[in-house]
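I have placed the structure first, in the form of structure tokens, so that the comments after it can refer back to it.
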Number of protein chains: 2
Amino acid sequence: MTQDKKTYHHGDLRQSLLQAATDIIREGGVDSLSMRKLADNVGVSRTAPYHHFKDKNELLCAIAEMGFSDHIHAVSELPQQHADLDKRELFELYVLSYIRFADNNPETYDLMFGKEIWKLGKPTESLKTISKRCFQHWLEWIETLQAQKILTDQHPTLRVAQASWATLHGLCRLLNDGIYVNKNDLEEMGRTAAAMLLAQNRVD
Amino acid sequence: MTQDKKTYHHGDLRQSLLQAATDIIREGGVDSLSMRKLADNVGVSRTAPYHHFKDKNELLCAIAEMGFSDHIHAVSELPQQHADLDKRELFELYVLSYIRFADNNPETYDLMFGKEIWKLGKPTESLKTISKRCFQHWLEWIETLQAQKILTDQHPTLRVAQASWATLHGLCRLLNDGIYVNKNDLEEMGRTAAAMLLAQNRVD
DNA sequence: CAACGCATCTTGACAGCGTCAACATTGAGT
DNA sequence: ACTCAATGTTGACGCTGTCAAGATGCGTTG
């Protein structure tokens, strides 16, 4: 697959770095990723990566970016794949999909929405762009659900979007950060959360 | 205030360390706290702190523990201080208080509910105890609210407690991690979240 | 084809980190 | 008064991110 011979120039280092980095992260967590070990894994010297990423921060941003595009891709397919579901069921499905994504890629999720990049580091312009696009999707969908009286329209769309997203995010953090939630109860928690967010879910 | 003379034995090192540590953290964030700088700030050698805390992890656990006791204290006073409010208003007030606590002590909040301790490190036994007590309070209150039909009783108390707490937690994380939420909108977001969680809030 | 320039990769170096091991000092108890 | 355990110190190790300076080779241009 990869070339054996040691050409002085690697030829595809940037891509190899991203690949190796995601591997390391998936295995041992974001905090187990060091620039030096990464370089070593790819078979290149300590500082070679710095010719492709200004910073460790930029590397992490690039990984987070991939996470966003994966996530957007997965989510945008949902409505078509489940055209049979009614809006409430679709909402629940979205919630569950979101949680599953965070559960399957905990470390990527951490990068996408964690303070490592957004508070301690500085998000790349391109990362900011794609993350905004991601929230924009969410916002539009919330607006639709409000119009259908499935979510409350007593509050501004932006607030409803923020509050409901916070619920999903909170669930994911509590799971990923290992606070104390049993993973087996994951689905049930998601369903309860979805039900609580949906407006007036009385039996009629 | 503190003794000037350099007695070989500090006399009150453990407490001084905790004090200095919280100061450093409040100022520059958890990640700006290093054992070495901490020791230096207190005027003691690098490894002196290790006679009072086995680990950096144990130090952080101790700080988180103080955060929990502060939090429990503040929250347990709420019902008495606002006996005039009805249950719904009290719930909203709780939500806002919770958010304010996280906003005022972002770094402590991070330690209390972040992966630093719960996933990467290992929580102290005493930390586990006090955090469980904290959630227990929440659980009992949720049960009350369910009995009063203010929160849905269609789902188990545990699930409702988890989901609603996740909402608060999610809001706090999004704020504290600097994702992209405007701090001025904080109160409004909290109110929206509270309203969405409360059951059947139609005008009658 | 030769030469140059630029992207890429390398080694060396520095300051910072957590923490272990070995040693120094001292206050408390027999 | 002597001993012991608690507490404080210095030295050392391996790890980290990243800057500076030099080596290498690809692509373009004369």
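By convention in this document, chain letters (A, B, ...) are assigned in the order of the sequence lines, proteins followed by strands, and residues within each chain are numbered from 1.
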Please list, chain by chain and in numerical order, all residues satisfying salt bridge (Lys or Arg N to Asp or Glu O under 4.0 Å) with B/Asp185, sequence neighbours excluded. A/Arg159
Output, in order, the C-alpha distance, side-chain angles, deciding distance and verdict of salt bridge (Lys or Arg N to Asp or Glu O under 4.0 Å) for A/Arg173 and A/Asp110. CA-CA 8 Å; A/Arg173 297 304 311 208; A/Asp110 240 45; 3.3 Å; yes
Listing, residues 51-62 of chain A side-chain donor-acceptor contacts under 3.5 Å, not counting sequence neighbours, or none:
residue : atom : partner  : partner atom : Å
A/Lys56 : NZ   : A/Leu33  : O            : 2.7
A/Asn57 : ND2  : A/Lys122 : O            : 2.8
A/Glu58 : OE1  : A/Lys54  : N            : 3.4

Quickly work out the B/Arg14 CZ to D/dG8 C1' distance and round it to whole Å. 17 Å
If a protein heavy atom is under 4.0 Å from the base, mark B; if only from the sugar-phosphate, S; if neither, -; do that for nucleotides 10-15 of chain D going 5' to 3'. BBB---
Residues forming a ring pair (Phe, Tyr, Trp, His ring centres under 6.0 Å) with B/Tyr50, sequence neighbours excluded: none
Rounded to whole angstrom units, what separation is found between the OH atom of B/Tyr50 and the C1' atom of C/dC17? 9 Å
Side-chain donor or acceptor of A/Asn176 paired with backbone N/O of A/Ala102 under 3.5 Å: yes
Taking DNA chain C as the partner, which of residues 114-124 of chain A come within under 4.0 angstrom of it by heavy atom? none
Over how many whole Å does the gap from B/Leu33 atom CG to C/dT19 atom P extend? 11 Å
Find the distance A/Leu17:CG to C/dC9:C1' and express it as a whole number of Å. 12 Å
Please work out which residues in residues 51-66 of chain B have a non-hydrogen atom less than 4.0 Å from an atom of DNA chain D and list them by number. B/His51, B/His52
Does anything in residues 100-126 of chain A form a ring pair (Phe, Tyr, Trp, His ring centres under 6.0 Å)? List the pairs, not counting sequence neighbours. A/Phe68-A/Phe113, A/His71-A/Phe101, A/Tyr98-A/Tyr109, A/Tyr109-A/Phe113, A/Tyr109-A/His169, A/Phe113-A/Trp165, A/Phe113-A/His169
Atom CD1 of B/Ile24 and atom P of C/dC17 are separated, to the nearest Å, by 10 Å
Exercise answer: donor-acceptor pairs, residues 139-146 of chain A side-chain atoms, under 3.5 Å, sequence neighbours excluded:
residue  : atom : partner  : partner atom : Å
A/Thr144 : OG1  : A/Glu140 : O            : 2.9
A/Gln146 : OE1  : A/Thr157 : OG1          : 2.6
A/Gln146 : NE2  : A/Thr152 : O            : 2.9
A/Gln146 : NE2  : A/His155 : O            : 3.1

Could you check how far CG of A/Asp40 sits from C1' of C/dT11, rounded to whole Å? 15 Å
By side chain to side chain donor-acceptor pair (under 3.5 Å), which residues pair with A/Asp153, not counting sequence neighbours? A/Lys149
Any salt bridge (charged side-chain N to carboxylate O under 4.0 Å, His left out) involving residues 91-105 of chain B? Give me the pairs, sequence neighbours left out, ordered by first then second residue. B/Glu92-B/Arg191, B/Arg100-B/Glu187, B/Asp103-B/Lys183
Side-chain donor-acceptor contacts of residues 126-138 of chain A below 3.5 Å, not counting sequence neighbours, with atom names and distances?
residue  : atom : partner  : partner atom : Å
A/Ser126 : OG   : A/Glu65  : OE1          : 2.9
A/Ser126 : OG   : A/Glu65  : OE2          : 3.3
A/Lys128 : NZ   : A/Glu125 : OE2          : 3.4
A/Thr129 : OG1  : A/Glu125 : O            : 2.9
A/Ser131 : OG   : A/Leu127 : O            : 3.2
A/Ser131 : OG   : A/Lys128 : O            : 2.9
A/Trp138 : NE1  : A/Ala161 : O            : 3.1

Salt bridge (charged side-chain N to carboxylate O under 4.0 Å, His left out): which pairs involve residues 12-39 of chain B, sequence neighbours left out? A/Lys115-B/Asp31
